[in-house]
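Within every chain, numbering begins at 1; the chains are lettered A, B, ... in the order of the sequence lines, protein sequences first and strands thereafter.
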Amino acid sequence: MDFKSKLINWYSINKRELPWRKTKNPYNIWLSEIILQQTQVKQGLPYYVAFTAKYPTIFDLAAASETEVLKLWQGLGYYSRARNLHATAKYIANELNGEFPNNYKDLLKLKGVGDYTASAISSIAFNEIAAVVDGNVYRVLARYFGIDTPINSTTGIKEFKKLATQLIDTKKPDVYNQAIMEFGALHCKPKNPNCTNCPFETSCVALQKNSVETLPVKLNKTKVTTKYFNFLVCIDSENRILFEKRTHKGIWQNLYQFPLIESEKSLSSEEFQLLNIDNSLLKTLKFDYSLYNESDIVHKLSHQHLYTKFWIIEVNKLPQTAIPLDSITNYPTPVLISDFINHFSFK
DNA sequence: AAGGCGGGGTC
DNA sequence: GACCCAGCCTT
């Protein structure tokens, strides 16, 4: 048996039952692929279930507000995916009369759809011969062929795409693409791959050369920056609270949070008080404040470590921009904020 | 070509 | 801690 046949054979025996494998509907395939970008199946699955339940068709998704979509996306991360998902849904529903682009070239034009996702949708939903190259494919091919070209270099990207295109089963591109990804996810894993019971035991170059552990090669470690966040949890006597939208570019764009003061270091209560003398928000208000967490809550993103303090500020009356405390759970927020809301006892 | 963008899981 | 995940976008 050749490479593709062994892979498809392994897949037929070992594949998981997943909801997006029961359909050829491009809307559902697209939704699953966006959710699964840089996200493991276990983490993305409940979101797929929730989205298909609330938005059965692309018209339902298009009719929603961005805030509503972000709320359902809350906790999944990489929120530009949700913003692009919603924008693309509106585009397809309104400009294309709900008719999904049906080929790689046209799919690639959609917001949030790159080479991988266009290949996945066109092959799985439309049986187009377009090879997917995701993290699993890089790993499987790098090991099987013993390729040490860095997978995130320009030459590496081209080399692996070319190889994947040569290997794809042109009769069953949909099955083949899912098979190689599933094989990478379940069998040819990053750590402790199951090499002792592998259909490619005799043909895997990395296994013969004892280089399974070192492949694939990847360059450029992301450097982590540290930031200090001070959230102002301002509550008035009418149980209203300040909550605002992060409109600027950067992390958590269009999600909501308490007013934020970033500082150069972790602040003591005295330093925080000095800071507030010049704060335009608090200048005009008489208030009492206390600190929710004595030691910083450390929220780790892939590229930022956020050392966070929540300052509880009680005032008599907040401006009209404040929202009722009861409504706070309607807004999409970062996990850092929703964790606080879930643990803090509002009076 | 390089860096930004989340949160959770594994070892 | 380091690394990874059905990557994409901007600069």
Centres of the A:F243 and A:F258 rings: under 6.0 Å?
yes
Less than 6.0 Å separating the ring centroids of A:F200 and A:F183?
yes
For the side chain of [X], counting heavy atoms from C-beta on, which of [options] is nearest?
| X | options | result |
| --- | --- | --- |
| A:Q37 | C:dA6, B:dG7, C:dC8 | C:dC8 |
| A:Y79 | B:dC11, C:dG7, B:dG7 | B:dG7 |
| A:Q304 | C:dT11, B:dC5, B:dG7 | B:dC5 |
| A:A185 | C:dG7, B:dC11, C:dA6 | C:dA6 |
| A:W252 | C:dC9, B:dG6, C:dA6 | B:dG6 |
| A:K249 | B:dG9, C:dA6, C:dT10 | C:dT10 |
| A:I251 | C:dC8, C:dC5, B:dC5 | B:dC5 |

Base B:dG7 to side chain A:Q43, donor-acceptor N/O within 3.5 Å cut-off
yes
What about A:S302: does its side chain form a donor-acceptor pair under 3.5 Å with the base of B:dG4?
no
C:dC5, OP1 or OP2 - any side-chain N/O from A:Q40 closer than 4.0 Å?
no
Do the side-chain N or O atoms of A:H303 get closer than 4.0 angstrom to the phosphate oxygens (OP1, OP2) of B:dG3?
no
Between C1' of C:dC4 and CZ of A:R139, the distance in whole Å
8 Å
Send over the distance from A:K223 NZ to B:dC5 C1', rounded to a whole Å.
15 Å
Could you check A:S32 against A:N84 and say which one's nearest nucleotide on DNA chain C is further toward the 5' end?
A:S32
Residue whose nearest DNA chain C nucleotide is more 5′ - A:R16 or A:K300
A:K300
Is it the case that A:S327 and A:N330 place a side-chain donor and acceptor less than 3.5 Å from each other?
no
Using a heavy-atom cut-off of 4.0 Å across all strands, would you classify A:V132 as base, sugar-phosphate, or nothing?
nothing
Using 4.0 Å as the upper bound for N to carboxylate O, is an ion pair formed by A:E66 and A:R83?
no
